[in-house]
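The next block holds one structure in the form of structure tokens; read it before the comments.
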Amino acid sequence: MDDALVRTLADIVKVGAPIVLAAIGETITERGGVVNLSLDGSLVLSALAAFIAGTSTGSVIVGALAGIGVGLVIALIVAVCSIELKLSQVAVGFVLTLLCRDLALFLGIPYRNAQVFPTTFLPIPVLKDIPVIGAIFFNQDLFTYLSFIAVAAAWWWLFRTKAGLTLRAVGERPQAAFARGVNVNAMRYLYTAIGGGLVGLGGAAYTLGVLPTWSDTGIVGNGWIALAIVIFGGWYPLRVALGVYLVAGLRAIVTSAQAQVPPQVVELLNALPWLLMLLTLFLVSGPYLDRLLKVLPPRLHPPIRTVLRARPPSALGTVFEQEGRR
Amino acid sequence: MSRLARWRGTVLTFSAALTAALALIAVIMLSLDKAPLAAAQRFIEGAIGTPSARADVIMAALPMLLCAAGLLLTFTAGLWNIGVEGQVTMGAIFATIIARTIPRDVSDWGIFAALIVPAELLLAMFGGALWAGLAALLKIRGGINEIFGGVALNFISVNILLSLVNGAWRVGTFPQTAPFAPAALLPRHPELRLSPLGIGIALAAFVAVFMALRGTRFGLQLRAIGRNARSAGILGVRVERNIFWAMVACGALAGLAGAFQALFTRGRLLPNISGGIGFMGVLIVLLTGVRAAWVLPVALFLATVPIGSLKLATSLDSAVQIDAALGNVFQGALVLAVLIGGGVRARLAARRKERSEHG
């Protein structure tokens, strides 16, 4: 494989890291039955918090923790409004999206393109020397590795542990889970908070890793992309990661084409990821997948279904009324 | 609950939420070494102190009112038409198709000169309706939730706008069109920045939506769908068709709002032509709890925020000079506080009821 391609692939993995973190966080939250629609605003505000904390202390850890904290608090607001006050998760999430974005734009004015945070570049010895794979995956910065860990950990937790089984039960059949002695709402608080924390880490990955400076333009919109990818990924961590790299790959193609075409065409090319988002949602949620399968040979059906079937957790977005609770 | 008690509860919740949102703004301002009270005074003066300021507030409220009126239809049917923002943008783009071709001198156009603005407005409505119809089709035929379809179409509409003002429609060094000719603009009052025609159109649209929701079969069917789409369908309501037309009607009104932005507020097409007007409409409808009667006063109230904030932003006194973006923070915080306040009130009411039943 030639060097330019390897470099592009490594870049896709790096640029995709914040969206992977946010989308995995949202996957965990939604698996528990809660929709945190505030992603787009959460990402921006946690990115700003991480940047301020990171640059003022000079520590990437403190910065990341600040991002996580902000994402966690926003997620908890969604959880309290949904569980305690029985408000619409969509309404609260949407207002929080606007509020957090506007708050970040206002508070970030003095930091606009102020300085660049030194990225925490961490090539992993031995592994980085594996041909191709090493250069793509193990010659990266801290947040990229964290995104790999998040995907693997989420998959393992959801499908290989008892706690993950409980989490899925809470999102699919909360009444049944409750009957088996699970505290449904406590679980929802926990996983909404964890998911929000991952979103905050994703925000930190922007201002301390990918950008790495304070600028909202590189961030706004990606929260919505992450929310859509969770659907495209069918709430499976590995498919979610695949979806992110697909979008990041398309963006890389657009960016590389940018130099050769006039600005008005660049703007139209920038619409491509959104068209891709519509197309993929169309495939996974519309009635057309079955029709498409009819014209394809039956041998291809199982793999296509594995990649494109998506069914939301049954209790997604609903309120759980615990019986006998006053 | 009696009507009066409910009204009082609403006002109480709103006052508490307003206090909370103002407190947040005051804390932010104090942390930046600004003087909140002096700023508040300057804000009120700047927003409603002079006839020209009041005219600005009214004109700023019109596009919000149009968007909110359209969103009343979609929210009544339980639809989250987040795509309203893109529908505003498309309205502005479609109005510009005609507006940019109008010459400075139209004295020899005769009767046709009077048709320019109506044609622009109709085309803008078509553009908004087209974009909304697309979101509706994606939902009905494609199974794509209207929120995601709307968000994607919002971003795509911005890309189209930027492509146009960077390319074919660009005049001069900045990415924008040339200022439109006077004949292409909404006719305005000789002294104040006020368009009587615009006010008339926006109020007529709002009243039409109000009446449609109150007294027509369409409004009743939308309410039924909003309560429970499946039951409404079983009872013979054509759910998909009604959803489609509610979206299209909302899109047409949002397109009209976009035309107001291009043909009055800005007088040309430029990036961010919508200025978040569509999302403001969503906030207004959420703030009122989808109650049409409250939309007009709330739109007027929220329209003071950008006007007053702009006066603060351009103030020379450093104790009150603050970026206008803080106004957006206030609006978001207010709506969140109202939502939470409503939730708290409902919970307290439920607990009171329970107690009276058990004791």
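Keep in mind that this is a model prediction, so the values were computed, not measured. Letters A, B, ... mirror the listed sequences (proteins, then strands); counts begin at 1. The basis for the numbers below is simple: all heavy atoms, side chains too, and nothing from hydrogens, waters or symmetry mates.
Across B:L286 and A:A91, no two heavy atoms sit closer than the pair CD2-CB, 4.2 Å. Nearest approach of B:G343 to A:L87, heavy atoms of both residues: CA-CD2, 3.8 Å. In terms of heavy atoms, A:L99 sits closest to B:A333 at CD1-N, 3.5 Å.
Environment of CZ in B:R227: sparse, with no more than 12 heavy atoms of neighbouring residues, nucleotides or ligands closer than 6.0 Å. Within a 6.0 Å radius of OH in A:Y111, other residues, nucleotides and ligands contribute 12 heavy atoms or fewer.
Taking 4.5 Å as the limit, some side-chain heavy atom of B:I28 sits within range of a side-chain heavy atom of A:L103. Here the side chains of B:I156 and A:L278 are in contact, with some heavy-atom distance below 4.5 Å. In this structure the side chain of B:L153 never reaches within 4.5 angstrom of the side chain of A:W274, judged on heavy atoms. Between A:E84 and B:R347 the shortest side-chain heavy-atom distance falls below 4.5 Å. Side-chain contact check for B:L32 versus A:F106: some heavy-atom pair is nearer than 4.5 Å.
Taken to the nearest 0.5 Å, the CG atom of B:L326 stands 12.0 Å off from the CG atom of A:L105. To the nearest 0.5 Å, atoms CD (A:Q264) and CG (B:N159) are separated by 13.5 Å. Summarising the geometry, atom CD1 belonging to A:I225 is positioned 11.0 Å from atom CZ belonging to B:F148; distances are rounded to the nearest 0.5 Å. Going from atom CZ of B:F279 over to atom CZ of A:F94 covers 4.5 Å, rounded to the nearest 0.5 Å. Considering CH2 of B:W80 and CG of A:L37, their distance stands at 8.0 Å, rounded to 0.5 Å. Rounding to the nearest 0.5 angstrom, the gap separating the CG atom in A:L268 from the CG atom in B:L164 is 8.0 Å.
Of the listed residues (B:I147, B:D323, B:L161, B:N145), the one with the most heavy-atom contacts under 4.5 Å to chain A is B:D323. Comparing B:G167, B:G342, B:S157, B:S163 by heavy-atom pairs within less than 4.5 Å of chain A, the highest count is held by B:S163.
Of the atoms belonging to A:S88, it is side-chain heavy atoms, and not backbone ones, that fall under 4.5 Å from chain B. In this structure, chain B has no heavy atom under 4.5 Å from any part of A:L269. Residue A:L272: no heavy atom, backbone or side chain, is found under 4.5 Å from chain B. Contact of B:L138 with chain A is made through the side chain alone, with heavy-atom distances under 4.5 Å. Neither the backbone nor the side chain of B:A346 comes within contact range of chain A; no heavy atom of the residue lies under 4.5 Å from a heavy atom of that chain. Of the two parts of B:L339, the backbone and the side chain both hold a non-hydrogen atom closer than 4.5 Å to a non-hydrogen atom of chain A. Both the backbone and the side chain of B:L162 come within contact range of chain A, with heavy atoms under 4.5 Å apart. Residue B:V158: no heavy atom, backbone or side chain, is found under 4.5 Å from chain A.
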Query - Derivation of the side-chain contact (heavy atoms from CB on, under 4.5 Å) call for A:C81 and B:I340 - result: CA-CA 7 Å; A:C81 287; B:I340 292 175; 3.7 Å; yes
